[in-house]
Amino acid sequence: MDQHLPRAYTVRAAIALAAAIPRRRSDRRRFAGRPLPARDEVLLAKSATDHGALLRFLDDAPQLSALTRAAAAAQELHRADADYGIELAAWSGKRYSPDGVPAQNAVRAVASAPRVRDFADAQLTDAAGQDGAVLTVLATTGDEPADRLRAGEAASAVVLTATRLNLASCLISEPLELTSTRGLIRDCVLGGALEPQLVVRVGYLPEGAAPLPATPRRPIGEVLRPLAHPYGVGLPVPAELRGR
């Protein structure tokens with residue numbers, strides 16, 4: 001257990017979040033316009049603070065307008081960047097690859113909403129109507145490597161908590177990848193007091209929306225390599241990891 005986590009963050013809580021991993025999806029479709037229960041907002045915010053970050057719910061027009069402007073500006077700047085376009089096309093629109101964003105999980109971009117990149121060969125049918133997602137910003141007090149690490153841990157906890165609460169979610173980083181649009185979010189959305197790390201969309205899917213298929217993953221042996229005796233004395237190394 002991470003020594004920086006509060007005692008209230010128990011092994012039982014970690015196991016509960018781990019159990020949600022197989023059900024979690026990055027859902028980029030429009031969400032239904034249903035408000036989140038106050039209890040769910042509290043639990044989502046707590047999942048971030050448990051890991052040293054803050055989850056700010058955006059509930060007023062100026063904040064939402066600034067975030068939308070930042071997202072639209074980032075999209076336009078990226079569309080004008082040929083190298084970015086080549087890279088995006090290389091890792092999205094996939095059909096038979098264990099890497100990247102599959103075509104079946106990608107929806108077409110909507111320039112007016114901080115929602116979707118211009119993924120290649122997007123095949124997912126979107127929900128109709130306006131996007132009713134609740135928009136939040138995951139932030140930290142600083143932007144040192146340790147702050148970014150905490151933000152990543154907090155982001156994982158937030159989306160897994162959303163999954164446990166039967167909520168759809170999606171992480172958005174595009175408007176935070178450029179200095180200008182990140183500064184807009186820092187100053188006009190967070191009041192200059194915090195460092196934005198990720199935008200998180202949370203909400204309910206429209207009635208009858210089909211669950212998304214799981215995205216492919218590489219075999220564990222291709223992404224993890226065991227150290228000497230990582231499983232303790234007397235415990236065998238899984239067969240798929242032997243000899244790596």
Side-chain angles (χ1 to χ4, degrees), residues 21-31 66-131 133 135-138 143 148-149 151-152 155-156 158-160 162-163 168-186 189 196-203 205-206 209-224:
I21 290 174
R23 296 193 294 116
R24 190 202 69 80
R25 303 286 187 270
S26 292
D27 202 320
R28 302 173 181 89
R29 294 176 289 183
R30 293 179 176 92
F31 295 168
L67 180 60
T68 298
R69 292 199 312 273
Q75 283 185 335
E76 289 305 313
L77 289 169
H78 277 155
R79 285 169 180 161
D81 185 337
D83 290 337
Y84 172 88
I86 292 170
E87 181 181 353
L88 183 63
W91 61 261
S92 63
K94 300 296 184 179
R95 294 179 184 270
Y96 305 104
S97 171
D99 300 307
V101 178
Q104 64 182 353
N105 290 73
V107 298
R108 296 188 182 279
V110 177
S112 61
R115 194 162 61 91
V116 182
R117 292 182 193 263
D118 290 322
F119 290 119
D121 195 25
Q123 298 293 312
L124 180 63
T125 301
D126 201 357
Q130 292 186 334
D131 184 20
L135 294 175
T136 71
V137 176
L138 186 72
D143 194 33
R148 298 169 194 167
L149 175 63
S156 176
V158 167
V159 295
L160 290 175
T163 302
S169 65
C170 178
L171 299 174
I172 298 172
S173 63
E174 185 171 16
L176 300 168
E177 294 166 6
L178 300 169
T179 301
S180 58
T181 52
R182 183 171 186 158
L184 179 60
I185 294 173
R186 181 192 306 112
V189 178
Q197 300 290 354
L198 282 168
V199 175
V200 188
R201 296 173 63 243
V202 185
L205 286 178
L212 291 180
T215 55
R217 292 291 186 270
R218 289 186 176 219
I220 191 171
E222 291 188 15
V223 295
L224 292 178

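Keep in mind that what you see is a predicted model, and the values were worked out from it rather than measured. The first residue in the sequence is number 1, and the count goes up from there.
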Is the closest basic N to carboxylate O distance between Asp27 and Arg29 below 4.0 Å?
yes
For Arg182, is there an ion pair with Asp143 - N to carboxylate O distance below 4.0 angstrom?
yes
Shortest non-hydrogen contact from [X] toward [Y]:
| X | Y | result |
| --- | --- | --- |
| Leu138 | Ala151 | CD2-O, 3.3 Å |
| Ala120 | Ala89 | CB-CA, 4.1 Å |
| Ala133 | Phe31 | CB-CD1, 3.4 Å |
| Ala66 | Val189 | CB-CG2, 3.8 Å |
| Val137 | Pro196 | CG1-CB, 3.9 Å |
| Thr163 | Arg23 | O-NH2, 3.3 Å |

Just verifying a value: how many Å separate [X] [atom1] and [Y] [atom2], rounded to the nearest 0.5 Å?
| X | Y | atom1 | atom2 | answer |
| --- | --- | --- | --- | --- |
| Asn105 | Gln123 | CG | CD | 11.5 Å |
| Thr136 | Leu67 | OG1 | CG | 9.5 Å |
| Thr68 | Leu135 | OG1 | CG | 7.0 Å |

Please check if the side chain of [X] supplies one atom and the backbone of [Y] the other of a donor-acceptor pair under 3.5 Å.
| X | Y | value |
| --- | --- | --- |
| Ser92 | Val101 | no |
| Arg24 | Val159 | no |
| Arg25 | Leu212 | yes |
| Ser156 | Gly152 | no |

[X] side chain near [Y] side chain, heavy-atom distance below 4.5 Å:
| X | Y | value |
| --- | --- | --- |
| Pro175 | Ile185 | yes |
| Val223 | Arg217 | no |
| Leu176 | Gln197 | no |

Ser26 versus Arg28, side-chain donor and acceptor atoms under 3.5 Å:
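Result is no, nothing qualifies.
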Using side chain to side chain donor-acceptor pair (under 3.5 Å) as the criterion, list what pairs up with Glu177, not counting sequence neighbours.
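Glu177 satisfies side chain to side chain donor-acceptor pair (under 3.5 Å) with Arg117, Ser173 once adjacent residues are dropped.
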Sorted by chain and number, sequence neighbours left out, side chain to side chain contact (heavy atoms under 4.5 Å, CB included) with Gln104 holds for Pro102, Pro213
Please verify the inter-ring angle class for Phe119 with Trp91; under 30° counts as parallel, over 60° as perpendicular, anything in between as tilted.
perpendicular
I would like to know whether Leu88 and His78 meet side-chain contact (heavy atoms from CB on, under 4.5 Å); could you show each step before the answer?
CA-CA 10 Å; Leu88 183 63; His78 277 155; over 6 Å; no
